[in-house]
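Written below as structure tokens is the structure these notes are about.
Protein chains get the first letters and strands the later ones, always in sequence-line order, with residue 1 at the start of each. Small disclaimer: the values here were computed from a predicted structure and weren't measured.
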Protein chains: 2
Amino acid sequence: MVRLKEELEMRGLKFTRQRKIIAQKIFSMKKHFTADELYNSLKKKYRISRATIYRTLDVLSSLGLVEVHNFGQGKRYYESISGKKSHCHFICTSCMKIIEFPSDEIEKIITNMASQHNFKINRYSINVYGLCEECARKRKK
Amino acid sequence: MVRLKEELEMRGLKFTRQRKIIAQKIFSMKKHFTADELYNSLKKKYRISRATIYRTLDVLSSLGLVEVHNFGQGKRYYESISGKKSHCHFICTSCMKIIEFPSDEIEKIITNMASQHNFKINRYSINVYGLCEECARKRKK
DNA sequence: ATTTGTGCAAAACGTTTGCAAGGCG
DNA sequence: CGCCTTGCAAACGTTTTGCACAAAT
């Protein structure tokens with residue numbers, strides 16, 4: 001939170017009521033969420049528009065405080081990255097549960113491939129789609 | 001093409017003029033393409049609606065003949081998978097050029113992680129975002 | 001003849017934008 | 001005070017849908 005304030009000020013951006021509220025909510029969430037979920041979880045208590053949610057998510061991701069994922073279905077998923085490392089996502093396409101795995105080994109391989117081609121990595125996203133144990137079991141029946 | 005006909009028949013689906021045309025076009029494309037690009041490349045010569053393009057892409061991907069990628073920006077990218085293996089994508093966010101890399105090693109790691117958690121993999125998508133050599137050079141100036 | 005597929009236009013969906021009003025520094 | 005930010009509603013671009021007609025088996 002202090003970090004957010006500093007990062008904003010550093011760029012001549014403002015530490016507004018809305019940004020505070022949104023950031024607080026995001027940092028308290030462990031899971032992946034969509035802009036709409038965030039909006040719905042806030043609108044009861046606060047008067048914040050969808051536009052502000054989207055704009056704030058943009059700011060936070062450009063500050064490196066939030067990660068954006070394209071898990072398909074035309075909808076974006078966000079995730080706060082308070083310190084934790086990048087990881088793989090195993091996405092159950094039946095119940096949309098998302099299981100995370102560390103990706104250190106894979107990251108090494110990717111970094112290697114990138115440097116071979118002078119590709120400057122900004123971020124990466126490893127998404128495995130399929131069925132989680134439960135849903136796979138249900139299907140068999 | 002013969003494969004497509006068989007796969008369709010096997011499922012009681014029809015081998016229509018439109019599906020033929022679309023499949024032919026797709027199999028002749030090497031690169032990733034969007035539904036709209038496909039539509040535009042066909043509409044001059046044939047009378048095929050956008051709806052049919054989308055519906056056919058769904059069919060082809062459920063038959064495993066086409067891979068779908070969510071490279072962000074709210075737009076889907078498709079790729080025909082005539083035999084070739086899955087691979088990583090390095091996506092230049094400046095010029096949208098997509099470089100492909102084999103991912104055998106990574107696939108091994110992923111398969112391993114999946115089996116540890118009884119996750120049944122359907123497909124995976126490894127996307128690295130950043131700047132290609134050219135665009136990175138331009139930025140520096 | 002039956003059933004699946006098509007074209008069209010309208011709707012849906014998530015996201016972005018223009019603008020006037022509001023709030024932070 | 002000046003500039004950044006907000007809320008609203010309208011616009012956007014892509015994808016999906018309902019329906020009547022057409023085509024494949």
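- Per the geometry, CZ belonging to A/Arg11 stands 12 Å off P belonging to D/dT5, to the nearest Å.
- One interatomic measurement links the two molecules: CG of A/Asn70 to C1' of C/dG14, which rounds to 12 Å at whole-angstrom precision.
- Taking only side-chain nitrogens and oxygens, A/Arg76 comes nearer than 4.0 Å to OP1 or OP2 of C/dT16.
- Rounded to an integer number of Å, the gap from A/Tyr46 OH to D/dG7 P is 13 Å.
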Exercise. Hey, mind stepping through B/Val59 and B/Tyr54 against side chain to side chain contact (heavy atoms under 4.5 Å, CB included) and telling me if it holds?
Worked result: CA-CA 9 Å; B/Val59 172; B/Tyr54 281 106; over 6 Å; no
Problem set entry | Check against side chain to side chain contact (heavy atoms under 4.5 Å, CB included), A/Lys45 and A/Ile21 | CA-CA 10 Å; A/Lys45 282 182 80 169; A/Ile21 294 169; over 6 Å; no
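- We find that CG of A/Asp58 is positioned 12 Å from P of D/dT6, with the value rounded to whole Å.
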Exercise. Can you give one letter per nucleotide of nucleotides 17-25 of chain C, 5' to 3': B if a protein heavy atom sits under 4.0 Å from the base, S if only from the sugar-phosphate, - if neither?
Worked result: BB----BBS
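- When the P atom of D/dT14 is taken as reference, atom CD of B/Glu37 falls 10 Å away, rounded to whole Å.
- Interface residues of residues 19-28 of chain B facing DNA chain D, ordered by number: none; criterion, heavy-atom separation under 4.0 Å.
- Under the 30°/60° scheme for interplanar angles, the aromatic rings of B/Phe119 and A/Phe90 are found to stand perpendicular.
- For A/Ser41 against A/Lys25, the heavy-atom pair with the smallest separation is OG-CE, 3.4 Å.
- A donor-acceptor contact closer than 3.5 angstrom links the side chains of B/Glu107 and B/Tyr124.
- Between B/Tyr54 and D/dT15 there is a side-chain polar atom (N or O) within less than 4.0 angstrom of OP1 or OP2.
- Contact check on B/Arg50 versus B/Asp36 returns a salt bridge, with a Lys/Arg side-chain nitrogen under 4.0 Å from an Asp/Glu carboxylate oxygen.
- When the C1' atom of C/dA11 is taken as reference, atom CZ of B/Arg50 falls 15 Å away, rounded to whole Å.
- When only modelled atom types and interatomic distance are considered, A/Thr56 and A/Asp58 share no side-chain donor-acceptor pair under 3.5 Å.
- One atom, CG of A/Leu38, and another, C1' of C/dG14, lie 14 Å apart when rounded to the nearest Å.
- For A/Arg47 and B/Tyr77, each mapped to the nucleotide of DNA chain D holding its nearest heavy atom, the one lying further toward the 5' end belongs to A/Arg47.
- Between A/Glu79 and A/Lys31 there is no salt bridge, since no side-chain N of the basic residue sits under 4.0 Å from a carboxylate O of the acidic one.
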Exercise. Under the side chain to side chain contact (heavy atoms under 4.5 Å, CB included) criterion, do A/His89 and A/Phe101 qualify, and how do the steps go?
Worked result: CA-CA 7 Å; A/His89 295 94; A/Phe101 286 96; over 6 Å; no
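- Going from atom CG of B/Leu8 over to atom P of D/dA23 covers 19 Å, rounded to whole Å.
- In terms of phosphate contacts, B/Ser49 brings no side-chain nitrogen or oxygen within less than 4.0 Å of OP1 or OP2 of C/dT6.
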